[in-house]
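What follows is a single structure, written as C-alpha cells, with notes after it.
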Amino acid sequence: MAEAHPVGFRWVMKAKERGARIINVDPRYSRTSEIADHHVHIRAGTDIAFLGGLIHHVLETESYFREYVVNYTNASTIINENFKDTEDLGGLFSGFDPDTGMYDRSSWMYEGGEMASAAGVREHASQAFEEQTGAGMHGGKMHRDDTLEHPRCVLQILRRHFGRYTPEMVQRICGISAEDFHAVAKALIENSGRERTTAFCYAVGWTQHTAGVQMIRTAAILQLLLGNIGRPGGGIMALRGHASIQGSTDIPTLYDLLPGYLHMPRAGEQELDLKSYIDTGGATRGWWSNFDKYIVSFLKAWFGDAATEDNGYGFEAIPRISGNHSHFATTMRMLDGGVEGLFVMGQNPAVGSQHAGLQRRALAKLKWLVVRDLAEIETATFWRDSPEVQSGELRPEEIQTEVFLMPAAAHVEKEGCFTNTQRLVQFRDKALEPPGDARSELWFMHHLAKRVKAHYAGSTRKRDWPLVNLRWDYPELGEIREPDVEAVMKEINGYEVASGRLVSGFTELRSDGSTACGCWIYSGIFADGVNQARRRNPGDIRKEGGHVSPEWAWAWPANRRVLYNRASADPQGRPWSERKKYVWWDDAKRRWTGYDVPDFPAEKPPDYRASDDAEGMDAINGDDPFMMMADGRGWLYSPSGLLDGPLPTHYEPIESPVHNLLYPSVGADPTGIRWRRPENPLHATGDPRYPIVATTFRLTEHHTAGGMSRTLPWLGELQPEMFAEIDPVLARERGIEDGGWMTIVTERAEIEARALVTERMRPLRVDGKPVHQVGLPWHWGYAGGYPGDSTNDLGAMSGDPNVSIQESKAFTCDVRAGRRRGPSTERLKGVVATAPRVAPNEDDRAAELPKEVGH
Amino acid sequence: MTGTNAAPTELAIHRGGARRMGFFTDTSVCIGCKACEVACKQWNDLPADGSQFKKGGSYDHTGDLSASTWRHVRFVELLEPSPPLQQEAISALPAIPPAGELPDLVAMAEGVGSKWLFMSDVCKHCTNAGCLDACPTGALIRTEHQTVVLQADVCNGCGYCVPACPFGVVDRDPIDGRAGKCTLCYDRLEDGLEPACAKACPTDSIQFGPYEELVAQAERRVAELHGRGIDGAYLYGAADEPEHELAGGLGAFFLLTEPPERYGLPAEAESPIQENLLAATAAAVGAGLLAAAGAALSFTIARRRGR
C-alpha cells in the first residue's frame, strides 16, 4: 500500500502512531514491509492455504466471535445432503463435469432451498447476478442448527473443508514458518471481538490469480468468523489498481454489467423481455425485490420518452451478450480476425496486459484502432516499434490496422468525479483548459454519440431503435463545447420524469416509468439539487463519531460509509461495545441511529420476525444485517454465486514449480480458463526448465505500464530502467551480478532487466525444498523516454473462472545472466496463425475452442 | 546571523520580526515515496539528472544532492550478508550452495532493527555554513529566516562552495556552470506558503516551521520512540551539546535510527573557515605582515640603489 497508494498510506501511518499493528504478507519485502510491524514472506499464489490455515486455527481453537457467527452468518444453515466437499472428492466439489470443465451447482444448495433454474451450461464470467446474491433462491424454508453441531451445517462443513490446513501444511505449501503463522493468528484473534476489530487490505496480489475471487472469499470467511464485517475498523478493503476504477465498475465499463451492478441481459436465455429479466434478476426476498424499480428507471434515463410500458421501456433494444466478451476473450477473437475495430481509452494493452506479445499480434488484425491517451503509448505504435516488428514477424507495410491517436485531457484539465475504493465519490473542478486538441473522455463520447445519432437519424430499422431513441441532450458549455458534467450527474442521480425534480435517493424510484435514474446506487449524489460529491467538510474529529466525516464528499449508497453496519450492533440492537459503537437501535425514537447512515430499514426493530410467506424486505428479520442476500446472512458458504466452489480451496497457480500438496490429482483450479492454443503455451507443473516463481509488482515512482510516468523525466529518472529483484543465493547460482544484466525466460518470451540482488527477496522452504521467487516490476515498454522490456511479455493468458482476470501474480520462469539474445517474443514467431478463423459478425460460440481441464 | 559564530564573509538580510525557520525530517515515518524529490523539482523547475540504473543504490537512482536535485531520497538496505555468503566473499572462488542447502536468511535478519532505511536528504542550512563562508561573490546569503540561499544570478561558477560543504550538498551544474541548492523555498515563504517538499510529504516526515518549535517537537518524538523500545532513535544536527554541534547546529535537522554514516552523513562536521578561524586569521595576518615587510624591504633596497 505504501508503494501504490502512498497518500492513502498516510492514514495507515497515523493508525500506527496511535498503536495499530500493521502486518504485511507479501512474497517481497516492499516499502510497506519496512513500515509494518511484522512482515511474512509467502510463496506467491498460496494465499488460500495461508488464510485457510488461519480459518482452521480459529475454528479448532473456537476463537470465532460466536454470537456474531450464529446470528449474522449462515454458519448454522444446513446444506443439502448431496453436497460433496473437496475433502471427499480429492479436490473437486460435487457436480463437476470433466467434459465442460464446469460445475452443475445444484448439489451445493441449502437443504430446502431451490436454485433459480439454470438450464444448460453457463459460459464463463457471465455469471447470472441473481446467483451472486442468492436472489434466485426461491421457496422453502432454510433449515438451521443454532448449536452449530449438525454434521451438515455450514460451520461443520467449513471445519471439514479446512481440516488439513494445519500450520504444518501452511509451512509446507506457503513456506511460512509456524512461528510467523502463530504470531499472525494470535494478533488477529486478540484484535477481534466486541472490543476490537481488524481490517484486511488487499490489492491485485490477491485478485490476479486463477483463484483470485476465492482468495478474497477466504478473507471474507475469516472476517465473518472473527466478527469484523460491518464494524468500524473492520472489513476488507480492496485497493484498486487505477484511479476511479471503482467508478468504472459502478457505472460500468465491464461488458457483463449495467450501471449499478444490474446484469447485462443474455441472448438465448430467459431474458428476452423485461418481465422475464425482472423475474430472473429480482428476488422475492431481500433488497433485490426492488430490482424492477432500478431497471425501469435506468431504461427511462437512456431512452426518455421513447421508453414506455408498451415497449417494455426499450428493454429489448439493449444489446445482449452471447458469451464471454471480457478483455482476453476479445483478444483471442481479435487474433482470430473476428474484431474489426477497437477503442482503447486510457489503457495500454500492448504492454499493460498479460501476454503482451499476443495482445500486440491481435491488434495487428484489426481494421482500425482508436487510442486516446496523454502520450504516444505502445498501443499506438505497436505497428512500428514492437518486438514483433523488430524480429520481422510483423512488417509495418503489411499491417492493415489504421491507428487514430487522439489526445486526451489530463486529470486537472477536466472536471468530474473520482470514485475511491471505499465508494467515496469526490468531485473535482478543472484547473485549466486542455491544450490544443486534447479533450476529456466525456467530450469525446458525447460528440461521438452525437455524430453517430446524426448518422442514424430517421432510420426505421428495428436494430437502429436504440441509437435513434437514445436520450442525448446534455448542455454544452464554453468554447470547446464541453458537455455539462453536472447534467450527467443529475441524470445519474435520478429525477421525476414529469417534473424534473431530482430524487433524494433510490427509495424514491418507481417501476412504473415515472422516474428515471442512470445508476441507482449513485442516487442521492445530487440530492436537494446540491452536488454532494463536491462537499469537503471533514467535520470535527474530536466529536463522538466525528471520524466518519459524512460531509466529506459522498459515498454510495445513500452516503453510507460502512456497509452492513447493522452488524455493528448485537441482535438486540445494542453496540457490541462502547468502544466500537457505530450504529444502534434507539428504542425511544423507534429508529436506528448512530454515526453513519444505518444500513437497515430505518424503522425495523431488532425483534421483528418475518412470517414464513413474507416477501421483499418484509422477509428480512430485525437481526439479519446482510439484507442484500436472500437469507439476510453473511455467507461463509456460498450456495450460489461462484463458478468454482461454495468454499475456497487451495489450488496451485496454473504454472507452479510444485504439485498441489493437498490435492495432487487436481493441481490448479479445474474451472480456470486456460485458452489452450499454440500461441498460448503453458508450463507444466514442476517443469524443470522453469523452476522459479515469478511475481509482478509496482513501484511508487511509476504508474501501470509507464504511459504517464516514463514520459515525464522527473519520474523517469527515479526508476530509469527495468530491473528485477532476485535473492543472493539464486543470483550466485546463476552468475547474476548486482547491477548487471539478467534475462527472464518463459515459453512466451524472454526479457532483460538490471539485476537488483537483495536480501529482501528470499528463497522459501516449500515442502522441504528451496523455491526461489523473482520480483518483476511491470512499468516498462518500448515507448517513452525511459524504455525497457515489458514484464507482461512473459505471462500466458489464463483467467479466473468467475471474472476472467489474468494470473499475473504467480507464474514460472527461469533466469540467466546477461542480456537477451534477440527480440523478446521471437520464440513465438511463426506460431501465431495468420489466417482468420472467425468473421466479425460470426457468433462467438462457434469460435470458442474446447477447454482442457486439470493440470 | 550575528555573534561569535558569524564568519566575516557572511552576507545576511536583516528584516525585523522574522524567525529562524527550518526542517525537521523524521525518517521514522518516511515511506520512501520520493514525493519530496519530485515536488522540489517541479516547483523549482529543475532538470532531471540522468537515466541510468545505479548499482548499489537500492531504489535510489538519482544518487546525490546536486545542482539539479535539491531533495534526495536515500535508500539503504541494511541486511548484512549471512555468514556463509560472507565467507564466500573472502575466499577466492565463490562456492555455490549445494542444492537444498539454504543459508538461514530468516535467522540472519533477526536482531536487525529496520531492514531498509529511507531518508530524505536536503541542504542542512547550517548555523556555520561552509558554503556561505567560502563564497567570494556574495551569491550565497543568509536570509531573514536564517536559511542559506544561493542566488543563481550572482553566482559566477567558481565552485568554492562545493568543497566547503561538509555534507556534499551544493554542487555546480555541469552544463550551466553555476551552483545550486535548496533554498528552503524562499519564494514560497515570501507568500506564507510552506516549502514544496513539506507540503507534498504524505506522512509528514518532512515538517516545516519555526526552528525552536521544531526542535521541541523533535525531542518529544525521540522520547516517544524510546518509550516504544526504539532506543536507536536520536536527533542529528539539533539539541546537541555545544562541543558536539554539527556546523553550529543544523537548520534542517533529522531524526535517525542508525549511525549517521549509514545514511551517508558525517559524524562530525564544521564549516572549514570556522574550524580554522584562528589559524586562517593568523596565516592571513602573517601573510599580510610578510607582504608589507617585503614591500618595505623592496622600497628600502630600491632607495639604496637609487642613491
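Per chain, numbering begins at 1; letters A, B, ... match sequence-line order.
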For atom [atom1] of [X], is the number of surrounding heavy atoms from other residues, nucleotides or ligands below 6.0 Å larger than 12?
X        : atom1 : result
B/Gln42  : CD    : no
B/Arg228 : CZ    : yes
A/Leu432 : CG    : yes

Minimum heavy-atom distance [X]-[Y], with the two atoms named:
X        : Y        : result
B/Leu46  : A/Trp714 : O-NE1, 2.7 Å
A/Tyr29  : B/Trp116 : O-CZ3, 3.9 Å
B/Val29  : A/Glu17  : CG1-OE2, 3.8 Å
A/Pro720 : B/Phe53  : CG-N, 3.8 Å
A/Leu718 : B/His61  : O-CD2, 3.2 Å

Given that the side chain runs from C-beta out, which part of [X] has a heavy atom under 4.5 Å from chain B: side chain, backbone, both or neither?
X        : result
A/Ile35  : side chain
A/Leu712 : neither
A/Glu737 : neither

Side-chain heavy-atom pair A/Met1, B/Ile31 within 4.5 angstrom cut-off
no

Quick one: is the NZ or CZ of A/Arg760 closer than 6.0 Å to the six-membered ring centre of B/Tyr59, and within 45° of its axis?
yes

Quick one: list whatever passes ring pair (Phe, Tyr, Trp, His ring centres under 6.0 Å) with B/His72, sequence neighbours left out.
none

Check this for me, if you would: do A/Glu717 and B/Lys34 make a salt bridge, where the nitrogen-to-carboxylate-oxygen distance has to be below 4.0 angstrom?
no

Residue-level interface, residues 185-203 of chain B with chain A, non-hydrogen cut-off under 4.5 Å:
B/Cys201, B/Pro202, B/Thr203

Look only at the side chain of A/Glu34 and the backbone of B/Lys115, and say whether a donor-acceptor pair between them is shorter than 3.5 Å.
yes

As an exercise, state the distance from CG of A/Leu699 to SG of B/Cys33, rounded to the nearest 0.5 Å.
13.0 Å

Quick one: CD on A/Glu701 to CD on B/Glu37, what's the gap to the nearest 0.5 Å?
9.0 Å

Max heavy-atom pair count under 4.5 Å with chain B, selected residue of A/Arg10, A/Glu725, A/Glu3
A/Arg10

